[in-house]
**Student:** 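Got a structure for you, questions after.
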Amino acid sequence: MKMTFRWYGQEDDSVTLDQIKQIPGVEGLVWALHHRLAGEVWTEEEVLQVKEQADEYGFHLEVVESINVHEDIKLGLPSRDRYIENYKTSLRNVAKVGAKVVCFNFMPVFDWTRTDLFKPLEDGSTALFYEKAKVDNMDPYELIQEVTKSAYTMPGWEPERLKTIEQSFKAYEEVDEEQLWKNLAYFLGEVLPVAEEEGIKMAIHPDDPPWSVFHLPRIIKNEEAIERYLGISNSPSHCLTLCSGSLGANPANDVPNIIRRFHDRIAFAHIRNVRIYENGDFIETSHRTQDGSVPIDDVVKAYHENGFTGYARPDHGRHLWGEECRPGYGLYDRALGIMHLWGLWDAYELIKRKEESENATTT
């Protein structure tokens, strides 16, 4: 397991590279050009600037999250080919700074959905929260106002994207899940050959949450969908980002089992916990199994027993000790999360070595 940490850049992150450097076992940054709109080319000059910043602290840039997919590609519009060509150029450019995994998603309009960015927990910390009844009954424009209150631009909720949201909702009235599957297959058919040439794994992120929101189609939401997705291509660049928190928001998803089944296709692991309530609400918690509904101990065990050598990050965290930070992306809880994940991993390593030693002695 190769530990990474998501970083939003010098101009848009409360967490600094010298702070990340002090977290044990973090080898690389999960990065992106967040000022670039979906569909725009990531230039070689810009990606080299990020590499210079990472090199100063000895971090690699092997994981990109995300080169966003333009809405016209998801909708299957005639203009998609132009944006797909731009995407290919961006893939070639990030490969020049060592990118080996590109995490992306195919969620219509919104990349993720929460109703409260700083919901208080019992211990006094705050966290991202999803209130099901609120989403089921509210106007999406109310949600936009809530999410965009943050001092930070939220990925998937960029002002430029939101300017055309009314047109986007109208366009998706003509796109159901089957059409979205077809549009995804078309996109992959175009970009996977380039990714393969550049040694990049295209790792799709599950829908967050893994069900329809505001009647928009969503397709990467359970084990059956993952099986269908992986059946689109046998390219070695056709892979998964397995997010335990996104899939885990639906209690019907057995996340450790999904990992054990598809472990050889997982290029990137997002490991986080959520607490699910009986009414369908959920809130993000610490990484400890006891604090949420996702068995994080078994999640890490599933990766360990299958010899996972891909990239991982602690994903979202709570906001602790008065930290002022991007919602879900403060320093403290993600650092604590990393140490919890390393603790589990080290324990499983110890058990493995003990069993190997005992087996060697008996034979």
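Atom set for the values below is all heavy atoms of this structure, side chains included, hydrogens, waters and symmetry mates excluded.
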**Student:** Transitive ILVMFWY cluster of Leu350 at side-chain heavy atoms under 4.5 Å: who else is in it?
**Tutor:** none
**Student:** Would you call Asp12 and Arg326 a salt bridge, using N to O less than 4.0 angstrom?
**Tutor:** yes
**Student:** Taking ring pair (Phe, Tyr, Trp, His ring centres under 6.0 Å) as the test, write out the residues that go with Tyr172, two or more places apart.
**Tutor:** none
**Student:** Charged N to carboxylate O below 4.0 Å: is that the case for Arg6 and Asp315?
**Tutor:** no
**Student:** Is there a side-chain contact between Ile338 and Leu341, using heavy atoms and a 4.5 Å cut-off?
**Tutor:** no
**Student:** Under the ring pair (Phe, Tyr, Trp, His ring centres under 6.0 Å) rule, what pairs show up with a residue in residues 63-85, not counting sequence neighbours?
**Tutor:** His70-Tyr83
**Student:** First locate atom NE2 of His340, then atom CD1 of Ile296, and finally report the distance between them rounded to the nearest 0.5 Å.
**Tutor:** 7.5 Å
**Student:** Do Arg114 and His316 come within less than 4.5 Å of each other through their side chains, counting heavy atoms only?
**Tutor:** yes
**Student:** For Lys132, I'd like to know if atom NZ has over 12 heavy atoms of other residues, nucleotides or ligands within 6.0 Å.
**Tutor:** no
**Student:** Are Ser235 and Glu196 linked by a side-chain donor-acceptor pair shorter than 3.5 Å?
**Tutor:** yes
**Student:** Is it the case that more than 12 heavy atoms not belonging to Glu11 sit under 6.0 Å from its CD atom?
**Tutor:** no
**Student:** Check ring pair (Phe, Tyr, Trp, His ring centres under 6.0 Å) between Phe5 and all other residues, then give those that pass, not counting sequence neighbours.
**Tutor:** none
**Student:** Please report the interatomic distance CD1(Ile204) to CG(Leu240), rounded to the nearest 0.5 Å.
**Tutor:** 8.5 Å
**Student:** Under the salt bridge (Lys or Arg N to Asp or Glu O under 4.0 Å) rule, what pairs show up with a residue in residues 34-44, not counting sequence neighbours?
**Tutor:** Arg36-Glu40, Arg36-Glu46, Glu44-Lys96
**Student:** May I ask you to decide if the ring planes of Trp211 and Phe282 are parallel, tilted or perpendicular, using 30° and 60° as cut-offs?
**Tutor:** perpendicular
**Student:** State plainly whether the residues Glu356 and Arg353 are in salt-bridge range, i.e. N to O under 4.0 Å.
**Tutor:** no
**Student:** The criterion is side-chain contact (heavy atoms from CB on, under 4.5 Å); which residues satisfy it with Asn306, sequence neighbours excluded?
**Tutor:** Arg260, His263
**Student:** To the nearest 0.5 Å, what is the distance between CD1 (Ile200) and NZ (Lys100)?
**Tutor:** 9.0 Å
**Student:** Any non-hydrogen side-chain atom of Met1 less than 4.5 Å from a side-chain atom of Thr309?
**Tutor:** no
**Student:** Among residues at least two apart in sequence or on other chains, which ones pass ring pair (Phe, Tyr, Trp, His ring centres under 6.0 Å) with Tyr332?
**Tutor:** Trp321
**Student:** Hey, are Glu284 and Arg318 close enough for a salt bridge, meaning a charged N less than 4.0 Å from a carboxylate O?
**Tutor:** no
**Student:** Evaluate side-chain contact (heavy atoms from CB on, under 4.5 Å) for Val191 paired with Val194, printing each intermediate quantity in order.
**Tutor:** CA-CA 5 Å; Val191 301; Val194 175; 5.6 Å; no
**Student:** Taking Val294 as the starting point, is it possible to reach Leu121 by hopping between hydrophobic residues whose side chains are less than 4.5 Å apart?
**Tutor:** no
**Student:** Tell me whether Phe268 shares a hydrophobic cluster with Phe308, the cluster being built from Ile, Leu, Val, Met, Phe, Trp, Tyr side chains joined at under 4.5 Å.
**Tutor:** no
**Student:** Report yes if the side chains of Met202 and Leu91 come closer than 4.5 Å at any heavy-atom pair, otherwise no.
**Tutor:** yes
**Student:** Please tabulate, one pair per line, all N/O donor-acceptor pairs under 3.5 Å involving side-chain atoms of residues 57-64, not counting sequence neighbours.
**Tutor:**
from  : atom 1 : to     : atom 2 : distance (Å)
His60 : ND1    : Glu62  : N      : 3.1
Glu62 : OE1    : Tyr311 : OH     : 2.3

**Student:** Can you pull out every salt bridge (Lys or Arg N to Asp or Glu O under 4.0 Å) where at least one residue sits in residues 232-250? Sequence neighbours excluded, please.
**Tutor:** none
**Student:** With sequence neighbours left out, which residue pairs that include part of residues 174-192 fulfil the side chain to side chain donor-acceptor pair (under 3.5 Å) condition?
**Tutor:** Asp81-Tyr186, Lys88-Glu190, Glu177-Lys221, Glu178-Arg228, Gln179-Asn183
**Student:** Consider only side-chain heavy atoms of I, L, V, M, F, W and Y, link residues closer than 4.5 Å, and tell whether Val97 and Val50 are in one cluster.
**Tutor:** yes
**Student:** Can you list everything that forms a side-chain contact (heavy atoms from CB on, under 4.5 Å) with Asn137? Sequence neighbours excluded, please.
**Tutor:** Ala133
**Student:** Less than 4.5 Å apart, any side-chain heavy atom of Thr4 and any of Glu27?
**Tutor:** no
**Student:** With rounding to the nearest 0.5 angstrom, report the CG to CD distance, Leu33 to Gln49.
**Tutor:** 9.0 Å
**Student:** Identify, with sequence neighbours excluded, every residue that meets salt bridge (charged side-chain N to carboxylate O under 4.0 Å, His left out) alongside Asp18.
**Tutor:** none
**Student:** Does any part of the side chain of Thr113, heavy atoms only, come nearer than 4.5 Å to the side chain of Pro209, both counted from C-beta?
**Tutor:** yes
**Student:** Donor-acceptor pair, Asp13 side chain versus Tyr8 backbone, under 3.5 Å?
**Tutor:** yes
**Student:** Which atom names give the shortest non-hydrogen contact between Ile67 and Phe104, and what distance separates them?
**Tutor:** O-CB, 4.3 Å
**Student:** Determine whether the side chains of Tyr329 and Arg334 contain a donor N or O and an acceptor N or O closer than 3.5 Å.
**Tutor:** no
**Student:** Are Phe118 and Ile283 connected in a single hydrophobic cluster, I mean Ile/Leu/Val/Met/Phe/Trp/Tyr linked by side-chain heavy atoms less than 4.5 Å apart?
**Tutor:** no
**Student:** Check whether any side-chain heavy atom of Trp31 sits under 4.5 Å from a side-chain heavy atom of Val47, and report yes or no.
**Tutor:** yes
**Student:** Over 60° means perpendicular and under 30° means parallel, so classify the ring planes of Phe129 and Tyr277, tilted if in between.
**Tutor:** perpendicular
**Student:** Are Asp297 and Lys301 within salt-bridge range, i.e. N to O under 4.0 Å?
**Tutor:** no
**Student:** What's the spacing between Leu230 CG and Cys239 SG if we round to 0.5 Å?
**Tutor:** 8.0 Å
**Student:** Should Val299 and Val274 be counted in the same cluster of Ile, Leu, Val, Met, Phe, Trp and Tyr side chains packed under 4.5 Å apart?
**Tutor:** yes
**Student:** Nearest 0.5 Å please: distance from the CG atom of Leu17 over to the CG atom of Leu29.
**Tutor:** 5.5 Å
**Student:** Taking the basic N atoms (NZ, or NE/NH1/NH2) and the acidic carboxylate oxygens, is any pair closer than 4.0 Å for Arg272 and Asp208?
**Tutor:** yes
**Student:** Suppose we call two aromatic rings close when their centres sit under 6.0 Å apart. Are Phe106 and His205 close by that rule?
**Tutor:** no
